[in-house]
There are 2 protein chains.
Amino acid sequence: MAPPHGNRLLSRKDIEQFFERGVHTHLPGLCVICAVFGFHDPNLSLLLAKWKGVNLWSLPGGYVLRRESLDAAARRVLYVHTGIRTDHLKQFRTFGGPNRTGAKLRSFYAKLGIRVPADAWPFRRIVTVGYYAFVDSGKIRARTDYMLDVCGWYPVNGRPRLSFNHEQATRLALEALRGRLDAPAAGVSLLPKRFTMPELQHLHEAVLGTRLDRRNFQKRMLEGGRLERLAERRQGGAHRAPYLYRFRSDRPQDDF
Amino acid sequence: MAPPHGNRLLSRKDIEQFFERGVHTHLPGLCVICAVFGFHDPNLSLLLAKWKGVNLWSLPGGYVLRRESLDAAARRVLYVHTGIRTDHLKQFRTFGGPNRTGAKLRSFYAKLGIRVPADAWPFRRIVTVGYYAFVDSGKIRARTDYMLDVCGWYPVNGRPRLSFNHEQATRLALEALRGRLDAPAAGVSLLPKRFTMPELQHLHEAVLGTRLDRRNFQKRMLEGGRLERLAERRQGGAHRAPYLYRFRSDRPQDDF
DNA sequence: CCAAAAGTGTTGCAATTACACCCATGC
DNA sequence: GCATGGGTGTAATTGCAACACTTTTGG
């Protein structure tokens with residue numbers, strides 16, 4: 001995955017350029033949003049951004065270039081706003097009500113002192129393709145581009161209230177994520193190469209929002225032989241040392 | 001659902017108008033397609049259209065008006081091309097590769113003798129929101145608008161090969177349809193108000209593409225008490241007369 | 001030595017699958 | 001009367017959920 005825009009996040013200049021030339025470089029009337037769920041044992045969080053100078057929280061999102069796929073747009077947009085890279089973005093729904101607009105953004109750009117055409121397409125009706133992803137929020141720190149005051153991880157339960165229709169989008173994305181948990185090797189990419197059974201269990205529990213039985217969980221994970229137990233145990237924690245496991249790499253992993 | 005365009009299907013004049021004024025009335029770069037599955041005991045079919053004068057088969061599709069939702073666009077588009085109305089269109093996927101274009105359509109309009117701007121947006125890159133539906137192909141006859149030679153039902157296995165990416169879209173739509181079969185009351189709207197258990201079973205078998213056990217099927221359908229058996233039986237067929245059932249209407253039906 | 005986490009197997013229930021016989025009807 | 005489809009119940013299996021005791025480790 002080549003770094004888009006080099007390694008920079010969006011700058012003020014990028015935004016000004018977008019409003020000057022965006023109609024040539026981007027697909028008008030279309031945007032993508034990314035519901036990025038983060039896991040850091042044992043917590044499930046959501047990547048949220050607060051727009052600079054206004055009381056506006058949302059999922060990270062942005063516009064689609066004329067020469068890139070929607071999937072690539074989701075990856076790039078996530079990167080240029082938050083510095084986060086992932087290849088595991090999946091579509092969950094496209095939103096296209098006639099009253100969905102970016103009208104709220106006008107005052108945002110006004111406060112930043114960025115001159116924008118009053119009728120630029122980002123302020124008018126917009127169709128939004130929703131993506132979700134699941135990453136390790138311990139490893140991955142979010143940065144903030146020029147447009148944002150804050151960008152970071154918030155607990156899924158007890159997060160700021162989101163604007164646009166992102167509350168609804170988040171609910172749908174979480175449902176989609178839950179539906180993927182029974183896939184073989186679900187969640188592997190969020191754990192270190194060698195991980196313990198309790199760690200894997202916490203991941204599942206965080207996503208499902210429920211508690212699971214240790215023994216039944218272990219049985220389910222081991223059946224099918226995708227996991228391999230190592231001789232070694234994880235030392236250093238309090239209490240009895242748990243075994244380490246790793247995923248057998250010879251099998252295809254759909255994963256998150 | 002108010003009849004769009006009165007009760008007319010698309011005429012030559014509508015198409016000419018679209019290419020003159022469409023940029024004002026429609027959202028550019030966006031279209032919807034409808035994978036409409038039809039059931040007529042015991043066959044599962046798919047609604048397909050052959051474009052006039054060219055060897056081009058596809059799912060029915062069309063463009064989105066500036067003032068309508070995507071869902072409404074899917075309903076309207078289906079109607080104005082095929083005369084079919086349904087409220088049960090559901091989204092299954094949005095396709096947005098950078099090479100998806102309507103370039104093939106240029107020669108189509110040329111053969112029809114319709115003057116179109118060479119660079120009109122329908123020939124350039126287009127993002128497509130896919131919808132699917134499930135209707136009674138016995139009750140519902142498809143008509144053909146001005147653009148089509150043929151529009152009708154074809155067996156899902158053994159249909160003409162589809163252009164654009166509609167083969168892939170059809171596969172994804174069928175998967176989505178199958179996933180809805182375990183919903184309560186799945187498939188009711190495709191059957192007469194009073195129907196027999198074998199009829200309901202054939203419907204499920206057609207969608208799943210497998211055979212089911214009569215007794216187990218009946219058990220599953222009856223548990224939960226959504227079906228009510230009537231005293232009457234369906235007379236007139238060969239062999240033993242099966243009971244009639246109807247759905248209890250006091251319960252919410254998601255259905256297809 | 002106590003608290004807290006991790007390892008391990010069995011049992012019971014519920015859901016699903018498999019299966020066989022009788023009945024009604026048309027030809 | 002026979003072939004065909006429809007009606008019904010039970011037995012076997014499978015999958016899932018519930019559950020208790022022992023081991024290890026740090027404090």
Side-chain angles (χ1 to χ4, degrees), chain A residues 39-43 178-184 186-187 191-192 194-246, chain B residues 39-43 178-187 191-192 194-247:
Chain A
F39 176 70
H40 189 53
D41 202 346
N43 299 309
R178 286 183 177 149
R180 292 241 324 267
L181 264 191
D182 47 4
L191 295 170
R194 295 144 83 248
F195 54 90
T196 68
M197 198 54 77
E199 286 165 357
L200 186 56
Q201 182 176 343
H202 289 158
L203 187 155
H204 282 238
E205 287 176 338
V207 172
L208 294 174
T210 61
R211 315 235 39 203
L212 300 170
D213 181 276
R214 211 153 24 102
R215 293 152 288 199
N216 296 335
F217 178 79
Q218 171 151 266
K219 246 180 291 176
R220 236 203 317 282
M221 290 302 115
L222 292 179
E223 76 194 10
R226 297 179 309 277
L227 289 185
E228 181 180 11
R229 177 191 278 191
L230 307 176
E232 203 176 342
R233 291 166 178 245
R234 165 142 309 161
Q235 304 293 341
H239 317 302
R240 179 173 185 172
Y243 284 103
L244 288 168
Y245 292 82
R246 72 170 176 211
Chain B
F39 175 70
H40 189 53
D41 203 347
N43 300 309
R178 285 182 177 150
R180 291 242 324 267
L181 263 192
D182 47 4
L191 294 170
R194 295 143 82 246
F195 55 90
T196 69
M197 198 55 75
E199 285 165 355
L200 185 57
Q201 183 177 342
H202 289 159
L203 188 155
H204 282 238
E205 287 176 339
V207 172
L208 294 174
T210 62
R211 315 235 40 202
L212 301 171
D213 180 276
R214 211 153 27 101
R215 294 152 288 201
N216 297 334
F217 180 79
Q218 171 151 269
K219 246 179 294 177
R220 235 203 318 282
M221 290 301 115
L222 292 179
E223 76 194 10
R226 295 179 310 275
L227 288 184
E228 180 179 12
R229 177 192 279 189
L230 306 176
E232 204 178 341
R233 289 163 179 250
R234 164 144 308 162
Q235 304 294 341
H239 318 302
R240 180 173 185 172
Y243 285 102
L244 288 168
Y245 291 81
R246 73 172 174 209
F247 270 87

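Note that these values count all heavy atoms, side chains included, but never hydrogens, waters or copies made by symmetry. Lettering of chains follows the sequences in order, A, B, ..., and the numbering in each one begins at 1.
The closest donor-acceptor contact from the side chain of A:Arg178 to the backbone of A:Val207 lies under 3.5 Å.
Rounded to whole Å, atom C1' of D:dG7 lies 12 Å from atom CG of B:Leu222. With rounding to whole Å, B:Arg211 atom CZ is found 16 Å from C:dC19 atom P. For the pair B:Glu205 CD and D:dG5 P, the interatomic distance rounds to 13 Å; values are reported in whole Å. Rounded to a whole Å, the CZ atom of A:Arg233 is 12 Å from the P atom of C:dA6. We find that CG of A:Leu212 is positioned 11 Å from P of D:dA18, with the value rounded to whole Å. Between the OH atom of A:Tyr245 and the C1' atom of C:dA6 there is a distance of 10 Å, given to the nearest Å. The CZ atom of A:Phe217 sits 17 Å away from the P atom of C:dA5 (whole-angstrom rounding). When rounded to the nearest whole Å, the span between CE of B:Met197 and C1' of C:dC23 equals 18 Å.
Rounding to the nearest 0.5 angstrom, the gap separating the NE2 atom in B:His202 from the CG atom in B:Leu200 is 10.5 Å. Going from atom CE of B:Met197 over to atom CZ of B:Arg234 covers 13.0 Å, rounded to the nearest 0.5 Å. The structure places CD of A:Glu205 at 5.0 Å from CZ of A:Arg211, a figure rounded to the nearest 0.5 Å. Within the model, atoms CG of B:Leu222 and CZ of B:Arg229 stand 7.5 Å from one another, a figure rounded to the nearest 0.5 Å.
At the phosphate of D:dC21, neither OP1 nor OP2 sits under 4.0 Å from any side-chain N or O atom of A:Arg215.
Nearest heavy atoms, B:Arg194 versus B:Leu230: CG-CD1, 3.6 Å. B:Ala206 and B:Asn43 make their closest contact through CB-C, 4.5 Å (heavy atoms, listed as atom of the first residue, atom of the second, distance).
Side-chain atoms of B:Gln201 and B:Met221, non-hydrogen and from C-beta on, never get closer than 4.5 Å to each other.
Remark: A:Tyr245 engages no residue in a ring pair (Phe, Tyr, Trp, His ring centres under 6.0 Å) (not counting sequence neighbours).
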So which protein nitrogen or oxygen atoms get under 3.5 Å of nucleotides 14-17 of chain C's nitrogens or oxygens?
from	atom 1	to	atom 2	distance (Å)
C:dT17	O4	B:Lys219	NZ	3.2

Identify all pairs in which a protein N or O lies below 3.5 Å from an N or O of nucleotides 25-27 of chain C, and state each distance.
from	atom 1	to	atom 2	distance (Å)
C:dT25	O4'	B:His239	O	3.2

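Checking D:dC19, C:dA6, D:dG7 against every side-chain atom of A:Pro242, the shortest atom distance belongs to C:dA6.
For C:dG7, the base has a donor-acceptor partner in the side chain of A:Arg214 [N/O atoms by modelled type, under 3.5 angstrom].
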